[in-house]
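Taking it in order: structure first as structure tokens, then the write-up.
Labels below follow one simple rule: chain letters A, B, ... track the order of the sequence lines, proteins then strands, and each chain is numbered from 1. Side-chain atoms are counted along with the backbone in the values below, which use heavy atoms only and exclude waters and symmetry mates.
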Number of protein chains: 2
Amino acid sequence: MSRDSTSPALHAAETLCDEKGERLTPIRRRVLELVLEADGPVKAYDLLEALKPGPGSAKPPTVYRALEFLLGLGLVHKVEALNAYVGCSHSHDTGGAELFICSDCGSVQECHGAPASTQTPDGFIIERSVVEHFGHCGNCRS
Amino acid sequence: MSRDSTSPALHAAETLCDEKGERLTPIRRRVLELVLEADGPVKAYDLLEALKPGPGSAKPPTVYRALEFLLGLGLVHKVEALNAYVGCSHSHDTGGAELFICSDCGSVQECHGAPASTQTPDGFIIERSVVEHFGHCGNCRS
DNA sequence: GACTGAGACGTTATAATATTACACCCGTGA
DNA sequence: TCACGGGTGTAATATTATAACGTCTCAGTC
């Protein structure tokens, strides 16, 4: 229930899955909801807790499988330095985003257009980049 | 890489510690050696194994404490996306380096001069950046 | 309807990574 | 001497993640 209040991001996810022929199953959808609802990076085991209102169900593989799926579609990002996950509102390609994480309030802002590295080593071909900035956001500094 | 008994990096580390009034104890020195000798990122528990020729000694806190010390001095970097550690030959400030990790051979190259991010969110002040690029190095592509 | 193959999920166990808490030792300086 | 602090030893545990294998369901097919 409360499906009427589908967030735009959730709706975009459904559209994306349709396009790619992927299945946004209830579990995957629920995990995405939880990540999107959070106001900051979420830990896998917090998702796990949130996922088990009933008994028995929701073991680690459940949430990791859902996260893997969502990461693959670029619907969530992993914050490597925190071992945590954030929802992605842009639904861009999975390439990787540039994340700005406020150490005070925990909020995460996402920028796109990967910064061309000043100098790439001779012949190095980049496939995936992890770019995470930690600091203090404008709100927390004012 | 180098297996010299007195690598330049090790000597530089001693100098740095002298300057900063820090103590490069045998354990810390041994951990640094191990990280520098490795030809790629090293896992904490691999260090732990390498550290225990004798019985009893070398429990997790031992290696994590040494790593924390070395990270603090910028003598090693943590590869967040791998939960692994690499030696730093530059002995620059702890600010953070830009790492290029070859997925084929595991080698890590380090560049400096942090790439100005294309767009920093309004008012965001960056304190620490994690920049890790994964791909294929020139050697592995030729 | 029954068979089959693929994908998603359930379940158990365990691996891998990291930290907490407290005790001990040892050198320095009051 | 004594207290103190830094570094280390040790046990226990917390946190994060994966392996291995079984089951269920659904679509396509016979």
Side-chain angles (χ1 to χ4, degrees), chain A residues 13-14 17-18 20-35 38 40-73 75-86 106 130 132, chain B residues 13-14 17-18 20-35 38 40-73 75-86 106 130 132:
Chain A
E14 284 166 352
C17 285
D18 281 353
K20 301 221 177 186
E22 299 285 359
R23 294 168 52 195
L24 188 62
T25 62
I27 287 180
R28 292 169 174 174
R29 183 191 164 96
R30 184 74 189 113
V31 168
L32 178 56
E33 278 177 7
L34 288 167
V35 172
V42 195
K43 302 288 204 152
Y45 275 69
D46 290 341
L47 291 172
L48 199 48
E49 280 305 307
L51 224 46
K52 59 168 81 162
S57 65
K59 301 291 193 313
T62 302
V63 67
Y64 282 106
R65 283 193 283 234
L67 286 171
E68 182 182 24
F69 173 84
L70 297 168
L71 286 166
L73 289 183
L75 292 168
V76 310
H77 297 298
K78 179 170 185 181
V79 185
E80 297 286 355
L82 299 179
N83 292 320
Y85 303 83
V86 294
V130 172
E132 298 167 1
Chain B
E14 284 166 353
C17 284
D18 281 353
K20 301 221 177 186
E22 298 285 358
R23 295 168 52 195
L24 189 61
T25 64
I27 288 180
R28 291 168 174 175
R29 184 191 163 95
R30 184 75 189 111
V31 168
L32 179 56
E33 277 177 7
L34 288 168
V35 172
V42 196
K43 301 290 204 150
Y45 275 68
D46 290 341
L47 292 172
L48 198 49
E49 280 304 307
L51 225 46
K52 59 168 80 159
S57 65
K59 300 290 195 313
T62 302
V63 67
Y64 282 106
R65 284 192 282 232
L67 286 170
E68 182 181 25
F69 173 85
L70 297 169
L71 286 166
L73 289 183
L75 292 169
V76 309
H77 297 300
K78 179 170 186 182
V79 185
E80 297 286 356
L82 298 179
N83 292 319
Y85 305 83
V86 294
V130 172
E132 298 167 3

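Per the geometry, NZ belonging to Lys78(A) stands 12 Å off P belonging to dT17(C), to the nearest Å. Here dC22(C) presents its C1' atom at 15 Å from NZ of Lys59(B), a figure rounded to the nearest Å. Remark: P of dT17(C) and CD of Glu80(A) are 13 Å apart, rounded to the nearest angstrom. Between the CG atom of Leu67(B) and the C1' atom of dG7(D) there is a distance of 15 Å, rounded to whole Å. Atom CZ in Arg23(B) sits roughly 10 Å away from atom C1' in dT8(D) (whole-Å rounding). Here the P atom of nucleotide dT10(D) and the CG atom of Leu48(B) are 13 Å apart, to the nearest Å. Taking atom OH on Tyr64(A) and atom C1' on dA13(C), their separation rounds to 15 Å, with Å as the unit. At whole-Å resolution of the value, CZ in Arg28(B) and C1' in dG7(D) are 7 Å apart.
Not one side-chain nitrogen or oxygen of Lys43(B) sits closer than 4.0 Å to the OP1 or OP2 atom of dA16(C). At dG7(D), none of the side-chain N or O atoms of Arg65(B) fall inside 4.0 Å of OP1 or OP2 (strictly under the cut-off). Considering only side-chain N and O atoms, Thr25(A) lies nowhere under 4.0 angstrom from the phosphate OP1 or OP2 of dA8(C). Contact annotation: Asn83(A) side-chain N/O to dT17(C) OP1/OP2 distance is not under 4.0 Å.
Listed here is the closest heavy atom pair of Val86(A) and Gly40(A): CG1-C, 4.4 Å. For the residue pair Ala44(B) and Leu67(B), the shortest heavy atom distance occurs at CB-CD1, 4.2 Å.
Across the interface with DNA chain C, nearest-nucleotide mapping of Phe69(A) and Pro61(A) shows Phe69(A) to be the residue nearer the 5′ end. Mapping Glu22(B) and Ala44(A) onto DNA chain D via the closest heavy atom, the residue that lands nearer the 5' end is Glu22(B).
Here Tyr45(B) counts as stacked on dT17(C): its ring centre is under 5.5 angstrom from the base ring centre and the planes meet at under 30°.
Within the 3.5 Å criterion, the main-chain N or O of Glu80(B) finds a donor-acceptor partner in the side chain of Glu132(B). Looking only at distances, no side-chain donor or acceptor of Arg28(A) sits under 3.5 Å from a matching main-chain atom of Leu70(A).
Using a 4.5 Å heavy-atom threshold, the side chains of Val42(B) and Leu34(B) count as separate.
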